[in-house]
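Structure record follows, encoded as structure tokens.
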Amino acid sequence: MPQVRVRFAPSPTGPLHIGGVRTALYNYLFAKKNKGKIILRIEDTDQSRFVEGAEDYIIESLNWCGIHFDESIVDGGEFEPYRQSDRKHLYSQYAQMLVNQGYAYYAFDSTEELAEMRLRMKKAGVPSPQYNSITRNDMKNSISLSVDEVKSKIEKGEKYVIRIKMPRNEEIKLQDLIRGWVVVNTNNMDDKVIFKSDGMPTYHLANVVDDYLMKISHVIRGEEWLPSAPLHLLLYRYLGWESKIPKFAHLPLILRPDGNGKLSKRDGDRLGFPVFPTEWINPEDGEKSSGYKENGYIADAFINMLAFLGWNPGTQQEIFSIKGLVDAFSLKRVGKSGAKFDFDKTLWFNQQYLRNKSKEALAIDLQLILKKNNVNVEDRFVQEVCEQLKERSTFVKDMWEEGKYYFEAPTSYDEKTIRKKWKEDTPKYISELKDRLSEVSDFSSGNIEVEFKKYIEENELGMGMLLPAFRVSLTGLGIGPSLFDIAALLGKEETITRMETALKKI
Ligand code: GLU
């Protein structure tokens with residue numbers, strides 16, 4: 001088998017939707033699994049859709065995801081340049097070649113003339129008029145005009161595009177690695193523009209020329225490109241590159257959670273989850289779209305979740321490192337039908353990854369949040385907080401939001417707990433317990449627990465009575481991790497002070 005070379009070929013028209021990240025990921029996994037190369041190619045031939053900052057966004061966000069490229073505009077490579085606008089000079093010769101051989105032609109029609117044609121056809125009962133073998137003869141192009149007319153138009157500098165001359169009634173057969181055989185009749189295809197009047201190729205020509213020149217072996221891309229694939233196949237044939245046609249794999253769509261249609265930014269906004277890997281600020285209107293990174297997701301968890309949107313390993317295993325994904329990945333296990341996005345599952349993945357992180361690693365992230373909130377505490381203390389809270393958290397930020405009591409004494413006390421558990425005798429018990437605890441010399445979680453249990457036994461109290469009252473006086477809350485662990489970490493002095501304060505305030 002020739003070397004596997006795949007490419008991720010985004011257009012810098014905005015931020016990268018998670019569907020795009022998944023395409024990049026599957027290309028990456030496929031390349032690594034097959035000891036091949038993955039290339040990042042920027043497809044910016046449509047200058048009207050160019051968005052400032054999108055290229056940098058794409059590179060930085062994929063970098064955060066851990067998807068790294070072997071060849072790119074950043075790293076260079078054997079087939080430089082990797083940005084299509086920098087390859088502008090390469091494409092016209094191929095368009096010209098197609099014209100010379102009769103596979104393509106010049107078209108001089110203005111926007112108004114094209115609109116008129118569509119209107120005329122609609123009136124004649126054609127629901128979706130196209131520039132094709134039927135209409136082309138009535139338009140201004142090098143098929144309908146004489147050689148001299150064409151020559152003089154070009155000499156006068158009239159604007160033209162180059163269109164492919166779609167043959168009539170031919171079956172184009174394409175074998176897709178995911179979908180099997182796809183057959184399209186050319187009668188359903190139009191004479192697509194392959195070269196524009198601004199001197200730039202369109203996506204179709206540039207994409208095929210570059211895949212050929214960059215020796216791409218497999219084209220793995222989203223389903224929305226499937227309708228373009230027969231045209232690409234024809235271009236390969238007409239350019240004489242038939243033996244070099246890459247293998248195609250069109251990936252299923254990522255659907256809304258209810259399965260009704262493609263997942264869009266609007267769905268994310270409505271249902272409260274990001275659809276972009278990292279935050280994006282629209283340079284035109286300053287509108288901010290949230291990202292997984294800024295929302296506190298662990299990149300590996302995000303990638304693990306994405307890998308499962310359209311693929312499965314065929315086993316029960318769900319947690320995979322990126323290396324594990326490389327080993328397990330196969331296009332054979334990518335499904336044809338759309339994959340429903342499941343936000344709860346996304347949270348679940350993050351939770352699993354958070355639990356697997358060491359307390360030291362988590363503490364580094366939590367310290368960043370603490371610093372922002374002007375809380376200065378030692379790393380060792382923060383590490384223990386992480387240890388105590390990680391089973392109960394989905395994000396590191398939860399540890400701050402739900403564990404503020406580790407860093408500052410409570411200023412209010414949970415009303416429901418007070419109503420249910422703070423009875424007439426409670427202050428007496430808390431006060432006696434406080435005195436008992438102040439006698440404990442080694443203030444460890446185990447010793448605190450022994451002392452607490454001894455006290456409730458002696459007084460014939462239930463655990464469910466005094467523990468919540470003890471908890472609310474230390475943390476202000478009705479729930480949380482082991483209270484004995486919390487007390488031990490806070491230390492004797494702080495525990496006693498908090499109990500005294502609670503006795504005064506409640
Ligand atoms: N430039 C296309 C895009 O923006 C690439 C499609 C392809 O991979 O062929 O998605």
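Both ligands and their constituent atoms are indexed starting at 1 by order of listing.
Annotation: cation-pi geometry not satisfied between Lys397 and Trp400 (NZ/CZ under 6.0 angstrom from ring centroid, within 45° of ring axis). For Arg22 and Tyr26, the positive end sits near the middle of the six-membered ring, less than 6.0 Å away and at most 45° from its axis. Note that Arg163 lies in the cation-pi zone of Tyr131, set by a 6.0 Å cut-off to the ring centre and a 45° limit from the axis. Figure legend: cation-pi geometry between Lys33 and Phe329 absent, as NZ or CZ is not positioned both under 6.0 Å from the six-membered ring centre and within 45° of its axis.
Close approach to Glu43 involves these atoms of ligand 1, each under 4.0 Å from a residue heavy atom: 1 (N), 2 (C), 5 (C). In summary, the atoms of ligand 1 found under 4.0 Å from a heavy atom of Tyr203, numbered by their order in the structure, are 2 (C), 5 (C), 6 (C), 7 (C), 9 (O). Counting the atoms of ligand 1 from 1 in the order shown, those under 4.0 Å from a heavy atom of Asn207 are 7 (C), 9 (O).
Among all non-hydrogen protein atoms, the one lying nearest atom 4 (O) of ligand 1 is Ser11 OG, 3.1 Å. Annotation: atom 2 (C) of ligand 1 to nearest protein heavy atom, Ala9 O, 3.3 Å. Counting protein heavy atoms only, atom 8 (O) of ligand 1 is closest to Arg7 NH1, 2.8 Å.
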Applying side chain to side chain donor-acceptor pair (under 3.5 Å), run through Ser48 and Asp46 and close with a yes or a no.
CA-CA 6 Å; Ser48 66; Asp46 189 351; 2.7 Å; yes

